[in-house]
Amino acid sequence: VKFSNTVNGTASGAQTLVISNPSNPIIFSNTIGATTPIKRLDLTGNITLTGNVSSADTQVYNGPVNLAANATLTTTSFNSGISFFNTVDGGYTLTLTTPGGAGNSVILSQAIGSTTALSSLTVTGATSFGDSTITTTGAQTYNSSFTFANNTTLTSTSSGAITFNALDANTAGIQGLTISNGTGTTVFNSAVGANKSLNYLTLNGTGTVTVKSNLNVAGNITLSSAVS
């Protein structure tokens, strides 16, 4: 299934697009909902995105996603979310934005950038990560809460800044976090482990670390650089 041009709804937030093409390509060569946002997007297949995606309600990506251009994915309805249930790869910028609300969430179920590192990753919306690696060449910015279900390594191969708001393990004292970003800065804008403590916290980079609240870690805290 291939869309060679833009995809839009006929009325803002009214039409749902569902495509099921398991193990086969679903290619969007341009934007989705840029002029008239669709209601909901649900894709199953090998997905290629080549631009921004705007929807009122949820966006669900059930197959591997490859970025062929910088992409901003946005949902606008209260409690809507963005879910990736497979890998995400591609040497481009990925920005995920969801609104506030108790049910608001960004679900990243599998590795990000493991085959081809993203250029950067910016997420606004309570984020749940279910795999073990997120890799970018540049910055990683988590503007809302970030919870991880396994021992996790966040890597920026070209010393990008890695910035958090709230940061928690999925189970108190069980999951640990490693950050490897060379000379890039690491910023904790809120408490680490305030709700569920980390098992360990290891920062391998040599850039400045900014800590603005408590670090709650059951095991070791290893910092290789100056802390401010």
Does any N or O in the side chain of [X] come within less than 3.5 Å of the main-chain N or O of [Y], such that one atom is a donor and the other an acceptor?
X	Y	value
N150	S132	no
Q15	T10	yes
S180	N204	no
K196	A169	no
T133	D131	no
N66	T48	no
N165	S144	no
S105	T127	no

For a side chain to side chain contact (heavy atoms under 4.5 Å, CB included) check, start with the C-alpha distance between T58 and R40, then their side-chain angles and the critical distance, and finish with the verdict.
CA-CA 5 Å; T58 58; R40 182 173 63 89; 3.3 Å; yes

Membership question, hydrophobic clusters at under 4.5 Å side-chain separation (ILVMFWY): are [Y] and [X] in the same one?
X	Y	result
I19	L41	yes
Y92	V88	yes
V187	V227	no
I27	V53	no
L215	L167	yes

For [X] and [Y], which I'm curious about, is there any donor-acceptor pair between the side chains at under 3.5 Å?
X	Y	answer
D42	N62	yes
S197	N216	no
T97	T124	no
T122	T95	no

[X] and [Y]: which non-hydrogen atoms are nearest, and at how many Å?
X	Y	value
P99	S80	CD-OG, 3.5 Å
A149	G130	CB-CA, 4.2 Å
D89	S114	OD1-N, 3.2 Å
S156	G138	OG-O, 2.8 Å
G91	T116	N-CG2, 3.7 Å
A126	S145	CB-OG, 3.4 Å

Hey, does [Y] have a side-chain heavy atom less than 4.5 Å from the side chain of [X]?
X	Y	result
T186	I179	yes
F146	I134	yes
S83	Q59	no
Q175	N199	no
L118	T135	no
L198	V192	yes
L223	I221	yes
F188	N214	no

Distance in Å, [X] [atom1] paired with [Y] [atom2], rounded so as to fall on 0.5 Å steps:
X	Y	atom1	atom2	value
L108	Q110	CG	CD	11.0 Å
I174	N151	CD1	CG	9.5 Å
N46	N21	CG	CG	8.5 Å
I82	Y61	CD1	OH	6.5 Å

Derivation of the side chain to side chain contact (heavy atoms under 4.5 Å, CB included) call for V65 and L49
CA-CA 7 Å; V65 173; L49 298 179; 4.1 Å; yes

Side chain to side chain donor-acceptor pair (under 3.5 Å) for S228 and T210? Distances and angles first, verdict last.
CA-CA 5 Å; S228 64; T210 300; 3.2 Å; yes

Would T98 and V106 satisfy side chain to side chain contact (heavy atoms under 4.5 Å, CB included), going step by step from the backbone distance to the final call?
CA-CA 8 Å; T98 63; V106 174; 4.0 Å; yes

Passes side chain to side chain donor-acceptor pair (under 3.5 Å), T50 versus S29? Steps please.
CA-CA 5 Å; T50 315; S29 299; 5.1 Å; no

Among residues two or more places apart or on two chains, list those pairs meeting ring-ring contact (aromatic ring centres under 6.0 Å, His included) that have a residue in residues 198-228.
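Applying ring-ring contact (aromatic ring centres under 6.0 Å, His included) to every pair that reaches into residues 198-228, excluding sequence neighbours, yields nothing.
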
Identified side chain to side chain contact (heavy atoms under 4.5 Å, CB included) partner of [X] from the options [options]:
X	options	result
N8	I38, T36, I32	T36
I107	F84, F85, F129	F85
N181	I162, T155, L154, L203	I162

Between Y142 and F164 (judged by ring centroids, cut-off 6.0 Å), do the two rings come close enough to count as a pair?
yes

Could you go through F28 and V7, starting from their C-alpha distance and side-chain angles, then the distance that decides it, and tell me whether this counts as side chain to side chain contact (heavy atoms under 4.5 Å, CB included)?
CA-CA 8 Å; F28 293 92; V7 176; 4.2 Å; yes

